[in-house]
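Everything on this sheet refers to the single structure shown next.
First listed ligand is number 1; within each ligand, the first listed atom is number 1.
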Amino acid sequence: MSDALSLTAAEAAARVRAGDLDPAELWHGYRERAAADDLNSYTWVAANGGPPAVDREAPLGGVPLAVKDLFCTEGVPSQAGSRILEGYRPPYTATAVARLTGAGAPLLGKTNQDEFAMGSSTENSAYGPTLNPWDRSRVPGGSSGGSAAAVAAGRAPWAIGTDTGGSIRQPAALCGIVGLKPTYGAVSRYGMIAFASSLDQAGPLTRDVTDAGLLFGAMAGQDPCDSTSVGLPAPVELPSRTDLRGVRLGVPEELTGEGIEPGVLASFRETLDRARELGAVVESCRLPHAPYGISAYYLIAPAEASSNLARYDGVRYGFRAEGVDDLLRMYTETREQGFGTEVKRRIMLGTYALSSGYYDAYYGRAQKVRTLISRDFHAAWERFDFIATPTSPGVAFELGAKTADPLAMYLNDYCTVPMPLAGIPAISIPSGLSEGLPVGFQLAGPAFSENGLLDAAYALERSIGFRDAPWRTAA
Ligand code: GLN
């Protein structure tokens, strides 16, 4: 069985469809591993009943799926890593999850995350931190750290997460797997517990680029339940390109210099050399407003969060403070006890940024910066097909290293926030190791360029030949 568990999801699905692999066996193998997980990647694992009935012909071939906790899943705990949602079992399922289970990927479990997806290390979960399978004294990144760790460790064949400022790409980078943040609107947000609605986007965390394409194709598309979702201009195609001839890659000076660890830069530059060998034209470029991405993001995202999180009042969902008989005090006590420190910090920041006296100075100004960042990318697309940067400025850091310094934590997002601010897609693939830990290489493209991005990432993936990931040898 462990042979089947070291296949990529697409390989496993192909074997199931060919009749060479029993999906029930696959299910039990992964369920056992998920139930025995000691990295705290899961917050809930499917019961050990019979495997869900699988149509062998289904596109996803019965390959089980791990789902970030914040996706509402009918009858299954969906707590977004927060105590305030403790015990919440939604009466409905998020569209993305429903599409994937409908396409033949049964729900294996829910994965740990930073509370309401606020964080870069999964240390902000009310259910304890997730450990990095490469080194258990280190973080897996965040906020989709549970999904990334489970996939990297071979305890899930594939997973989905959400990315608001980097939460798919950064944990994928820190765990040595592939993470794709789609174009804003490509995947329905219906049933995703909201953090910052103008930025949140669901996407795959997978062992390789092909798996990312397969999962993305099955979850994307217009949904009447989310008015910001749009149909893709062309069907998702599985990547097949083996060269990069004629592909123009822009390397923004602003995101590839100061603040990036030397080992990460070295791996990044090696990957650019590979791109050149594969035929790409690699040139330096400018994204002059990208360095202001963090400042704009940490006003816009908290502003939207402060509004989205107003609904947690102890009446409608999950947790309620006990022993309080006054209604207003019940609200405040519930929020005081139910939210963690980072969430409270963001609610305060966001409420302040939106207050009438400061709205123009903070929220309004941040929105203008957002427009300028978007224009920088538009200008870049006149010369380049894709932009290349390191995904994260550093490799996985020690647990606790940044918890006391929110600004140091926020800087993890330096290379990943400009893309969601502009609504454009980006993918992270493992490019090698630094200090024995995985490094991520990021490619970003114009809106709806996912097919091209997947193709370019696939060509690079084949050339890099990253073979070290723990899932290959997991028992
Ligand atoms: N690390 C960023 C934050 O804390 C991004 C999180 C995300 O993408 N959900 O907001």
> Going by distance only, is there an N or O of Lys68 that falls short of 3.5 Å from an N or O of ligand 1?
Replying inline: no
>> So that I know where these two stand, are Tyr190 and Tyr92 an aromatic pair - ring centroids less than 6.0 Å apart?
In response: yes
> Does a side-chain N-to-carboxylate-O contact under 4.0 Å join Arg155 and Asp38?
Replying inline: yes
> Would you call Arg274 and Glu270 a salt bridge, taking side-chain N to carboxylate O under 4.0 Å as the test?
Replying inline: no
> At what distance is the nearest protein heavy atom to atom 3 (C) of ligand 1, and which residue and atom is it?
Replying inline: Tyr298 OH, 3.2 Å
>> On a heavy-atom basis, I'd like to know which of Ser167, Gly161, Ser121, Gly119 is closest to atom 7 (C) of ligand 1.
In response: Ser167
>> Between Glu115 and Arg83, does any NZ, NE, NH1 or NH2 come within less than 4.0 Å of an OD or OE carboxylate oxygen?
In response: no
>> So for ligand 1, is Ser120 a polar contact partner (N or O within less than 3.5 Å, distance only)?
In response: yes
> Which atoms from ligand 1 have a heavy atom of Phe195 less than 4.0 Å away?
Replying inline: 9 (N), 10 (O)
> Strictly under 4.0 Å, does any heavy atom of Tyr297 approach an atom of ligand 1?
Replying inline: yes
> Side chains of Arg99 and Ser188: is there a donor and an acceptor less than 3.5 Å apart?
Replying inline: no
>> Residue-level breakdown please: for Ser143 versus ligand 1, do any non-hydrogen atoms fall below 4.0 Å on the side chain, on the backbone, on both, or on neither?
In response: side chain
>> Regarding ligand 1, does Ala117 bring an N or O atom to under 3.5 Å of one of the ligand's N or O atoms?
In response: yes
>> Within ligand 1, which atoms have a heavy atom of Met118 less than 4.0 Å away?
In response: 4 (O)
> Under 6.0 Å between ring centres, would you say that holds for Phe441 and Phe466?
Replying inline: no
>> In terms of relative ring orientation, are Phe116 and Tyr312 parallel, tilted or perpendicular, with 30° and 60° separating the classes?
In response: tilted
> Looking at Asp413, which atoms of ligand 1 are within less than 4.0 Å of one of its heavy atoms?
Replying inline: 1 (N), 2 (C), 3 (C)
>> Using a plain distance cutoff, I'd like to know if Gly142 has any nitrogen or oxygen under 3.5 Å from a nitrogen or oxygen of ligand 1.
In response: no
> Using heavy atoms and a threshold below 4.0 Å, how should the contact between Arg346 and ligand 1 be classified: side chain, backbone, both, or neither?
Replying inline: side chain
>> Under 4.0 Å, heavy-atom basis, I'd like to know which part of Tyr410 is in contact with ligand 1: side chain, backbone, both or neither.
In response: neither
>> Strictly below 4.0 Å, N to O, side chains only: are Arg189 and Asp200 in salt-bridge contact?
In response: no
> For Lys402 and Ser121, does a side-chain donor sit closer than 3.5 Å to a side-chain acceptor?
Replying inline: no
